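Notes for the one structure printed next.
The structure displayed is predicted, hence computed values, not measured ones. We name chains A, B, ... by the order of the sequence lines, and we start the count at 1 in each one.
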There are 2 protein chains.
Amino acid sequence: MKRTGFSKAECPVARALDAIGDWWSLLIVRDAFDGLRRFGDFQRNLGIAKGMLSTRLQKLVELDVLELVPASDGSAYQEYALTRRGRDLFPVIVGLRQWGEAHLYARGEAHSDLVDQAGQPVGQLVLPSRTGRPLNWSDTKVRKAVARKR
Amino acid sequence: MKRTGFSKAECPVARALDAIGDWWSLLIVRDAFDGLRRFGDFQRNLGIAKGMLSTRLQKLVELDVLELVPASDGSAYQEYALTRRGRDLFPVIVGLRQWGEAHLYARGEAHSDLVDQAGQPVGQLVLPSRTGRPLNWSDTKVRKAVARKR
DNA sequence: GCAACAGGTCCTATTATAGGACCAGATCGT
DNA sequence: ACGATCTGGTCCTATAATAGGACCTGTTGC
């Protein structure tokens with residue numbers, strides 16, 4: 001009765017969820033995008049139990065989503081920094097954000113906003129075709145895995 | 001010691017994860033995008049326990065991500081169809097897929113692919129600024145919720 | 001030198017998940 | 001039209017994950 005795993009799945013969505021699709025991991029990554037770097041910062045901001053946080057941070061480091069770096073304030077402590085792989089989760093976080101904004105708030109209810117450096121709200125995520133034309137769900141389909149290329 | 005909830009969070013990412021951020025929901029939605037509609041189809045394809053699936057489907061219907069519609073084959077059964085709100089999860093699924101493809105497969109390892117109607121692989125998700133310039137993580141920041149507008 | 005802070009580990013109670021038994025209604029085969 | 005099987009569940013039990021707190025070690029501030 002072990003929890004079902006998808007780390008060997010042929011579908012990248014399943015593998016991604018296997019890696020980071022739990023309650024806390026993406027919230028930790030979100031906080032990392034917001035600039036949080038220290039154990040205590042995550043713990044206070046999320047209200048997560050320390051044991052859980054410890055487990056999650058270890059897993060994220062193992063996955064190479066976060067890495068431990070010397071603290072930026074010169075103290076003997078360490079900080080958790082996003083790696084390239086972690087930064088590549090940006091579209092996922094933005095996608096969740098935009099879906100949440102669109103569907104999970106009552107009219108007039110306040111939520112945080114993603115803005116560019118000039119303070120302007122960002123646009124919606126776009127999936128371009130190879131030729132640059134924007135695609136929506138009905139323009140696409142999933143092609144099953146084909147034999148490996150050499 | 002109830003499981004932590006974020007349904008009232010001010011951050012849309014947290015609310016989104018509260019709604020659909022569990023192990024199964026997004027996989028069910030992924031399958032729905034792939035055209036699966038019946039209880040048994042989901043159950044067989046995911047290998048999920050029926051009880052779990054039942055709970056998840058009910059929650060997704062409650063959230064208005066899926067809806068029950070009469071079976072398309074004319075039988076007395078019902079099917080689960082994506083709603084507008086469910087279809088809006090497309091960028092989230094694609095984001096997870098692209099991250100998984102990029103980081104969770106060994107070189108040469110096979111995975112399924114997202115292609116357009118012509119069979120061409122799709123491009124990477126793009127976050128445009130309001131003026132259309134592509135933004136990456138370092139071009140953006142989160143602005144805390146401001147007082148509600150009237 | 002000592003109190004408080006940072007960053008954990010470990011234990012316990014509760015909650016969620018996996019898997020299977022079971023069941024009612026719909027459909028199929030003959 | 002009748003039994004066998006399929007569909008779509010519910011319910012129960014064992015196991016695994018989570019929440020919360022006690023506790024511990026090394027660091028920092030005073």
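Listed candidates were C:dT17, D:dA19, C:dG7. Nearest to the side chain of A:A49 is D:dA19. Taking every side-chain heavy atom of A:W24 into account, D:dA19 is the closest of D:dA19, C:dT17, C:dA6. Side chain of A:K50, nearest nucleotide from C:dG8, D:dA19, D:dT10: C:dG8. In the set D:dA19, C:dT17, C:dG25, C:dT17 carries the atom at the smallest distance from any side-chain atom of B:M52.
For the pair A:T4 and C:dA18, the criterion of a side-chain N or O lying under 4.0 Å from OP1 or OP2 is met. Considering only side-chain N and O atoms, B:Q58 lies under 4.0 angstrom from the phosphate OP1 or OP2 of D:dT10.
In this structure, the side chain of A:S112 does not engage the main chain of B:A145 through any donor-acceptor pair within 3.5 Å.
Near DNA chain C, meaning a heavy atom under 4.0 Å away, there are no residues from residues 29-36 of chain A.
Contact annotation for B:Y80: backbone-only contact, meaning every heavy-atom pair under 4.0 Å involves sugar-phosphate atoms and none involves a base. The residue B:A76 sits close only to the backbone: its heavy atoms come under 4.0 Å of sugar-phosphate atoms, none of a base. Across all strands, A:E79 comes closer than 4.0 Å to no nucleic acid atom at all (heavy-atom distances).
An angle of 30°, rounded to 10°, separates the two end axes of the helix from C:dG1-D:dC30 to C:dT30-D:dA1, each defined over five pairs.
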